[in-house]
Amino acid sequence: MSNEQISKLLRNVATAYTIKDEAKFRFQIIAYQKAADSILNNSIELLDYYKDGKLQDIPGIGVSIRGHLEELFATGNVKYFDWALKGIPESVFVLIEIPSFGPKKSYRLVKEFKLTNPKTVIKDLKKIAIKNKIASLEGFGEKSQKDILRAIEEFREGKGKTTRMVLPFAAEISDKILTYLRKSEHMVDARTLGSLRRMVPTIGDIDIAVASNNPEKIIEHFISYPYIDRIIEKGSISASILVSGGRQIDLMVQPPNAFGSLLQHFTGSKNHNIALRELALRKGLSLSEKGIKNLKMKNSKILQYSSEESFYKTLGLEWVPPEIRENTGEVELSIKNKLPKLVEVSDINGDFHLHSNFPIEPSHDLGNNTIDEMIKKAILLKYSHIGFSEHNPSISKHTKDQMYNLIKARNDQIDHILSGNKSIRVLKLLEIDILPSGELAMDDRSLNLLDFAIVSIHSVFSMDKTKMTHRVIKGLSHPKAKVLAHPTGRLLNERPGYDLDWEKVFKFCKENNKALEINAWPTRLDLSDQIIRQAVSQKVKMIINTDSHASYQMENMKYGVAMARRGWAQKGDILNSLGYNKFMEWVKGGEL
DNA sequence: GCCGTTTTCGGCCCGACTGTTTTCAGTCG
């Protein structure tokens, strides 16, 4: 069972409890939802935790839920869940996937109209709404009947939060809205917050905070956005719209004096905020987007904060970088003033996974820009050294000698360009396939033309974990192989990536002076933040590369750095932060 | 059901908005 399926199962238990007796099960509901969230956000298979007897390491999973999950893995079923879910038709759990459908509404509609077929429940409900049968129900009306129809329609079309965007796409939409908002004379400041500010790999909706003394005017301006599809909701200080393309934008306004608490609130994550608010409660304080209320003093005013720093400071906390606001230990460390100093874009001295358009007759895609163009871009980015890593010449279409000659020609081209340009150093690398056998797709004579090789998997992804781990380690074992590129092979919104035994891979990298790549390509972002954090804790070195196939893509470095930051990586964990000489020491096998 | 800087017992975030209501329940983030 996948993490997603297990998460859904726990969420269903919470839903069932909510329907049966929300008051009685209040805290179990929260606990099950928390556990479900935690599992969904975990990029490591739960089955692996189970096999290692470490289910309880997952936050939100205690003795009770762990027991249930162990039963699930051992027998494929959980008696307690069967009991909890008893009496709730399966179609309820289908309806609840539609935004604006919660437990109560879903159950009520299923019961009222006997919608017992989970496969057709959405279609059936639509028919009933069209026949005007919902409006007359007590607690419903004309408006809610229309809303139900529209919610079903939008769900089918994948609008709103039902599909997630990759970071640059979300950033582009957000920038357009910000530019528009800034045209209002009532605007003092506007910022993109939520998961986009935290640099989560995929974004559900776009959250924007505005500082203004005239919120009504801002809201009016916001809902007049020319590319609007419809207004989802609109109040006095917040509003949500759907823009063309089906993306949801949430807006919230506070006066400039309270902008700090709004920034904090709307950046999240939800779990970080809950942790902060529980901490505040223990001090007799209540937090919200409006500011801080002192609960010990009767009818005291809410204290306002114009900056996030002052807001955190009042709680006795160090300001927390948005990328690590996930309640995974950052709150505890910020109390002690012991947050790590995370790596920054300005620490990056080079990019080592670049594909030029040099006709190397590769196994996979060629780049779009010349070596010269990419070097010029690297100079603009103030890099001191870079590396070209085109794919190896296709092994099936060339003899060994032909491959050798192609690589030599590429190297000569680099030397030729460098002879007229001394402002940057350029390493001669290649990205080489690790064949299913674990062998590299190039012989030693050709490999010796390189400063080092980046190795990666580009075929036969479906190997099991043990075999894939063996394949990767064998590939990395070649003395010229120094970096494992896009280590899981995941493609966001497309495929999950293969499984590796990370303990083994980490150990091998550490003992043999190899590095794991953090690939900054926006649909890869591979490694995940979670695995980066494990690698950091085991002192495995990493290198952030853009995998650019065009010079403008070299600006994607910021996304790779963001993943490193989300994984709590510091400058010392990231090889790109080294100067040329130190870097070459590492290349040649020296300890750092 | 989970969790720990006052706690292994006794807590558990906070507010906005909507529709159907005359004061609130449901949903969302």
Side-chain angles (χ1 to χ4, degrees), chain A residues 10 13-15 17-19 22-38 56 58-69 80 84 96 98-109 134-148 151 160-161 193-195 204-207 209 215 219 231-240 248 250-254 261-262 264-293 295 302 315-317 327 331-336:
Chain A
L10 296 186
V13 173
T15 300
Y17 275 154
T18 310
I19 293 164
E22 190 174 17
K24 182 179 163 192
F25 294 116
R26 194 166 149 216
F27 297 111
Q28 280 94 328
I29 292 167
I30 295 171
Y32 271 90
Q33 282 169 342
K34 227 181 213 176
D37 270 348
S38 180
Q56 220 163 346
I58 298 168
I61 294 185
V63 182
S64 172
I65 295 182
R66 183 192 63 178
H68 297 323
L69 292 179
Y80 180 79
I96 209 168
I98 303 171
S100 82
F101 280 66
K104 302 283 176 70
K105 188 153 111 183
S106 301
Y107 183 69
R108 179 85 197 284
L109 291 167
I134 296 176
S136 54
L137 234 53
E138 199 194 330
F140 290 79
E142 286 290 336
K143 189 72 171 61
S144 48
Q145 181 170 270
K146 263 187 203 159
D147 287 346
I148 286 171
K161 297 170 191 188
L193 305 178
S195 49
D205 66 354
I206 289 165
D207 300 312
I219 302 281
I231 300 164
I232 295 169
E233 60 182 31
K234 159 181 126 53
S236 60
I237 61 164
S238 77
S240 295
Q248 182 172 336
D250 295 339
L251 182 95
M252 211 181 269
V253 189
Q254 282 292 323
S261 51
L262 177 59
Q264 198 292 313
H265 165 78
F266 219 15
T267 298
S269 66
K270 188 179 165 190
N271 289 333
H272 175 81
N273 286 0
I274 290 176
L276 235 53
R277 286 166 185 200
E278 285 178 348
L279 175 83
L281 268 184
R282 292 198 288 273
K283 299 179 178 210
L285 303 172
S286 171
L287 312 182
S288 77
E289 62 269 36
K290 296 164 184 295
I292 302 180
K293 215 167 19 183
L295 298 171
I302 293 178
L315 298 171
L317 301 177
N327 192 29
V331 176
E332 292 79 359
L333 287 181
S334 79
I335 295 170
K336 299 182 202 153

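Only this structure's heavy atoms are used, side chains among them; waters, hydrogens and symmetry mates stay out. Letters A, B, ... are given to chains in the order of the sequence lines, protein chains preceding strands, and every chain is numbered from 1.
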Gap in Å between the two [atom1] atoms, one belonging to [N] and one to [M], rounded:
N: B/dG1; M: B/dT5; atom1: C1'; answer: 23 Å
N: B/dC12; M: B/dG19; atom1: C1'; answer: 30 Å
N: B/dC17; M: B/dG10; atom1: P; answer: 39 Å
N: B/dG4; M: B/dC14; atom1: C1'; answer: 23 Å
N: B/dT7; M: B/dC2; atom1: P; answer: 22 Å
N: B/dT8; M: B/dG15; atom1: P; answer: 29 Å
N: B/dG26; M: B/dT21; atom1: C1'; answer: 13 Å

Checklist outcome for this item: Result for 5'-nearest mapping on DNA chain B, choosing between A/His68 and A/Lys105, is A/His68
Checklist entry - For A/Leu295 and A/Ile98, take the nucleotide of DNA chain B holding the closest heavy atom to each; which residue's nucleotide lies nearer the 5' end? => result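 Nearest nucleotide further toward 5': that of A/Leu295.
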How about [X] and [Y]: do any of their side-chain heavy atoms sit closer than 4.5 Å?
X: A/Thr18; Y: A/Tyr107; value: no
X: A/Pro103; Y: A/Ile96; value: yes
X: A/Leu287; Y: A/Gln264; value: no
X: A/Lys270; Y: A/Asn327; value: no

Could you check whether [X] gets within reach of a base, just the sugar-phosphate, or nothing at all, counting any heavy atom under 4.0 Å?
X: A/Ser240; value: nothing
X: A/Tyr17; value: nothing
X: A/Phe25; value: nothing
X: A/Ile30; value: nothing

Strictly below 4.0 Å: does [X] bring a side-chain N or O up to OP1 or OP2 of [N]?
X: A/Tyr107; N: B/dG26; answer: no
X: A/Lys24; N: B/dG1; answer: no
X: A/Ser64; N: B/dG1; answer: yes
X: A/Ser286; N: B/dC14; answer: yes

Item to check | Contacts of type salt bridge (charged side-chain N to carboxylate O under 4.0 Å, His left out), residue A/Lys283, not counting sequence neighbours | outcome: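 Residues passing salt bridge (charged side-chain N to carboxylate O under 4.0 Å, His left out) with A/Lys283: none at all.
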Specify the separation, in whole Å, of atom [atom1] of [X] and atom [atom2] of [N].
X: A/Leu109; N: B/dG26; atom1: CG; atom2: C1'; answer: 12 Å
X: A/Lys34; N: B/dC2; atom1: NZ; atom2: P; answer: 11 Å
X: A/Ile19; N: B/dT27; atom1: CD1; atom2: C1'; answer: 14 Å
X: A/Asp250; N: B/dG15; atom1: CG; atom2: C1'; answer: 14 Å
X: A/Lys290; N: B/dC13; atom1: NZ; atom2: C1'; answer: 15 Å
X: A/His265; N: B/dA16; atom1: NE2; atom2: P; answer: 9 Å
X: A/Glu22; N: B/dG26; atom1: CD; atom2: P; answer: 7 Å
X: A/Gln254; N: B/dG15; atom1: CD; atom2: P; answer: 11 Å

So if I take every side-chain heavy atom of [X] and compare against [options], which nucleotide ends up nearest?
X: A/Ile274; options: B/dC13, B/dG26, B/dC14; answer: B/dC13
X: A/Phe27; options: B/dC12, B/dC2, B/dC14; answer: B/dC12
X: A/Pro103; options: B/dG1, B/dT27, B/dC14; answer: B/dT27
X: A/Ile65; options: B/dC13, B/dG1, B/dG15; answer: B/dG1

Checklist entry - Do the ring planes of A/Phe25 and A/Tyr17 sit parallel (below 30°), tilted (30 to 60°) or perpendicular (above 60°)? => result parallel
Who passes side chain to side chain donor-acceptor pair (under 3.5 Å) against [X], sequence neighbours left out?
X: A/Asp250; answer: A/Ser240, A/Gln248
X: A/Arg26; answer: none
X: A/Lys104; answer: A/Glu22

Checklist entry - Taking everything shown except A/Lys105 itself, do over 12 heavy atoms lie less than 6.0 Å from its NZ? => result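 Yes, enclosed.
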Next on the checklist: Quick one, A/Leu295 with A/Leu281, criterion side-chain contact (heavy atoms from CB on, under 4.5 Å). Give me CA distance, side-chain angles, the key distance, then yes/no.
Outcome noted: CA-CA 8 Å; A/Leu295 298 171; A/Leu281 268 184; 3.7 Å; yes
Next on the checklist: What does the B/S/- profile of nucleotides 17-22 of chain B look like, 5' to 3', with a 4.0 Å heavy-atom cutoff to protein?
Outcome noted: SSSSS-
Item to check | B/S/- contact track for nucleotides 3-11 of chain B, protein heavy atom under 4.0 Å | outcome: S-BBB----
Next on the checklist: Return the pairing partner of B/dT8 with a 3.5 Å limit on both distances, Watson-Crick or G-U wobble; otherwise return none.
Outcome noted: none
Checklist entry - Syn or anti for B/dT7, with syn set at within 90° of 0? => result syn
Checklist entry - A/Leu137 and A/Arg108: side-chain contact (heavy atoms from CB on, under 4.5 Å), yes or no, with the steps? => result CA-CA 10 Å; A/Leu137 234 53; A/Arg108 179 85 197 284; 3.9 Å; yes
